[in-house]
Every structure is written in structure tokens, then in C-alpha cells.
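Since the structure is predicted, the reported quantities are computational estimates derived from the model, not experimental observations.
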Amino acid sequence: MASISIEEENYVRMSLLLTGISPRAARTFFDREFAPTCLDASLKKEYSKLWDLKKKHRINQSQWNLLFPRFPDVPDSKKFDITLMLTLLRNLTDITNNDDVGFDFIPTAIETTPRADLARIKNYRNNLAHLDEGKVESSYLNIAWNDLTGAIGRLGGQHMKEECDLLRTKTLDQTNKEIMMDIKRSNDEIKELKESLDSLKRSHEVLEEAHTEIQRSHTDLQVDHAEMKKKCTG
């Protein structure tokens, strides 16, 4: 693989932080709120509320299958991604303090509650996913890294913070770089497929509208024809 630029290496480090360490930190906090030994019972107790979230498309079918797997399997937070964990924390605990936008923005530096730290992970991850070129400027990395690793340390413990510090300076091998750049290319392909699907959906909607209009015009013509025929034979 050809050598990559500093900005691309920054992207790799940020990706490893957000896909490797930060989900484990979030899960550590999640497991404190939903004890693994009681997770199955906790979810069943909230079945009605979770079903409402599914009907509102806040929980998709694959996530639902993780929450309520077929017997004899039981739910396991190790299989939950950050999106699902945040959905559960947001709707089944008082972590947001009834503030519905609690996870939707990167908090200020003085906000260090679990809600704020989870919001940091969520929003930096979303920001990274929208970087089309797979590059991160060093100035941005420095700010984001400090913000994220502080959150990771508070949620997951000092040992995870030390893991972040090691990742920040260690030499990345080709495997790290190739994996993350492959992920970037895969994300680009998924984005292109989604855009194509959206375009097809819009085209389908236009065709359906045209078909409906043709049917309406056909019905009008039939009515006009019937009235004209009635007049001619009257």
C-alpha cells in the first residue's frame, strides 16, 4: 500500500479511537445502568415502550433482534453498537434529565456528565462518517482527541484513557492503515448505494404520481364519454 499523508493517518487514528476504544467506554457505562445479569429482564419489563420506539422507527429490525433474540439466546450488550445503547439510555433512564437534545450536539468543555460524554462520542463519530476525503486536519485532531479521551476516561476508567494515550503516539502498522482505509472506501460505496436508492425511490414516486394522474384522466374521460353517449341517445 502506498504511504498515506499526515491527514490520512490522523483519520486512521481517529477511526481507531471511535470504532475501537470509545464503544467499549460507552458500554462500560451502559453496563452500570443495565447490569448484564439483569439485562434480559430489564428489556422485557420495558417491552411496550421499546415496541413504541420500533413503530416510530427509532429502533430498526436488526436492533430489535438483538434486544429480543430467539430462545435460548439472551440479549448481550457486547453486541450493541453505540446507537442502540444511546437509544436505550435516552429512553429507559433519566440520563437526559428530560432534555431531548441531550445527545445531539458536542457539549462544551465544562460539561462532564455521562450524558455529555456519550454525546461527545456520538457526535464525533457522526462527524468522522461525513468526512468524504478520509482526512483529518491535525488542529482538529488535537482538539477532538483531548475532548474524546477525557470522555472515555470518565466513562470507561483510567486504563482506557491510557490506551487512548498509547494510540495517539504509537506507530501505525500497514494493517491498521489498510483496514481503516478499506472501511473508508466501503463507507463511500455504501453512501453511493444509498444515494442511488434514494434516487430510485424518488423516480418511483414520480412514476406513481404520473400513473395516478393517468388513472384520474382515464376516469374523467370515461365519465365524459358516458355523458356524451347519454346525450346522443337521449
Side-chain angles (χ1 to χ4, degrees), residues 12-96 102-104 114-130 148-149 151-164 167 175-176 178-191 193-194:
V12 172
R13 289 188 193 278
M14 192 86 167
S15 297
L16 291 170
L17 182 69
L18 287 166
T19 61
I21 305 176
S22 63
R24 288 191 281 112
R27 189 168 294 109
T28 299
F29 176 78
F30 179 89
D31 287 344
R32 290 200 294 268
E33 294 290 312
F34 297 93
T37 55
C38 304
L39 181 59
D40 187 28
S42 298
L43 295 176
K44 287 177 178 175
K45 182 180 178 182
E46 301 287 357
Y47 184 91
S48 295
K49 186 178 290 187
L50 292 169
W51 180 251
D52 286 339
L53 291 172
K54 185 174 184 293
K55 289 194 295 184
K56 295 175 182 176
H57 305 291
R58 302 282 295 279
I59 293 176
N60 61 38
Q61 186 60 50
S62 62
Q63 292 172 327
W64 185 261
N65 294 341
L66 293 175
L67 297 176
F68 300 101
R70 292 183 177 181
F71 182 83
D73 293 338
V74 294
D76 182 354
S77 68
K78 292 184 180 66
K79 298 179 181 178
F80 297 176
D81 62 13
I82 285 182
T83 301
L84 181 54
M85 287 189 286
L86 289 185
T87 298
L88 297 175
L89 288 167
R90 188 172 195 166
N91 291 280
L92 303 184
T93 74
D94 60 359
I95 188 174
T96 58
F103 290 126
D104 295 338
R115 180 193 69 177
D117 287 335
L118 291 166
R120 286 182 174 90
I121 292 173
K122 170 183 180 286
N123 286 284
Y124 278 115
R125 183 200 61 175
N126 289 349
N127 290 349
L128 190 75
H130 288 91
L148 275 169
T149 55
I152 289 169
R154 287 186 291 270
L155 292 171
Q158 182 60 27
H159 66 289
M160 286 196 190
K161 173 64 168 62
E162 292 170 359
E163 195 176 339
C164 297
L167 175 61
T175 301
N176 291 139
E178 289 170 2
I179 288 173
M180 296 316 304
M181 297 313 288
D182 283 345
I183 289 174
K184 175 65 178 67
R185 284 190 288 272
S186 297
N187 288 340
D188 289 342
E189 291 172 3
I190 291 171
K191 187 182 297 184
L193 287 171
K194 185 177 183 302

> Could you go step by step and tell me if Leu89 and Phe29 meet the side-chain contact (heavy atoms from CB on, under 4.5 Å) rule?
Replying inline: CA-CA 10 Å; Leu89 288 167; Phe29 176 78; 4.1 Å; yes
Exam field: side chain [X] to backbone [Y], donor-acceptor pair closer than 3.5 Å:
X	Y	value
Arg58	Thr87	no
Ser22	Leu17	yes
Gln63	Asn60	yes

> Would you say the side chain of Asn91 lies within less than 4.5 Å of the side chain of Leu50, judging by non-hydrogen atoms?
Replying inline: no
> Would you call Leu155 and Pro114 a side-chain contact if the rule is heavy atoms closer than 4.5 Å?
Replying inline: yes
For the student: nearest non-hydrogen atoms of [X] and [Y], plus distance:
X	Y	answer
Arg27	Lys78	NE-CA, 3.5 Å
Arg120	Ala151	CD-CB, 4.0 Å
Leu88	Phe34	O-CZ, 4.1 Å
Leu39	Ser77	CD2-N, 3.8 Å

Within this structure, what is the [atom1]-[atom2] distance for the pair [X] and [Y], rounded to the nearest 0.5 Å?
X	Y	atom1	atom2	value
Met160	Thr28	CE	OG1	3.5 Å
Ile152	His159	CD1	NE2	11.0 Å
Gln158	Cys164	CD	SG	10.0 Å
Lys122	Leu18	NZ	CG	13.0 Å
Asn65	Ile59	CG	CD1	11.5 Å
Leu43	Leu66	CG	CG	10.5 Å

> Does any pair with a residue in residues 38-51 pass salt bridge (Lys or Arg N to Asp or Glu O under 4.0 Å), and if so which ones, sequence neighbours excluded?
Replying inline: Asp40-Lys44
> side-chain contact (heavy atoms from CB on, under 4.5 Å) between Leu118 and Met85: does it pass, once the steps are laid out?
Replying inline: CA-CA 10 Å; Leu118 291 166; Met85 287 189 286; over 6 Å; no
>> Pair Lys54, Gln61 - check side-chain contact (heavy atoms from CB on, under 4.5 Å), show working.
In response: CA-CA 8 Å; Lys54 185 174 184 293; Gln61 186 60 50; 3.1 Å; yes
>> As a quick check of understanding, evaluate side-chain contact (heavy atoms from CB on, under 4.5 Å) for Leu67 and Leu84, giving each step before the final call.
In response: CA-CA 9 Å; Leu67 297 176; Leu84 181 54; 4.1 Å; yes
> When the ring planes of Phe68 and Trp64 are compared, do they come out parallel, tilted or perpendicular, using 30° and 60° as the limits?
Replying inline: tilted
>> Checking side-chain polar atoms at under 3.5 Å, does Arg125 have a donor or acceptor matched by the opposite partner on Thr83?
In response: yes
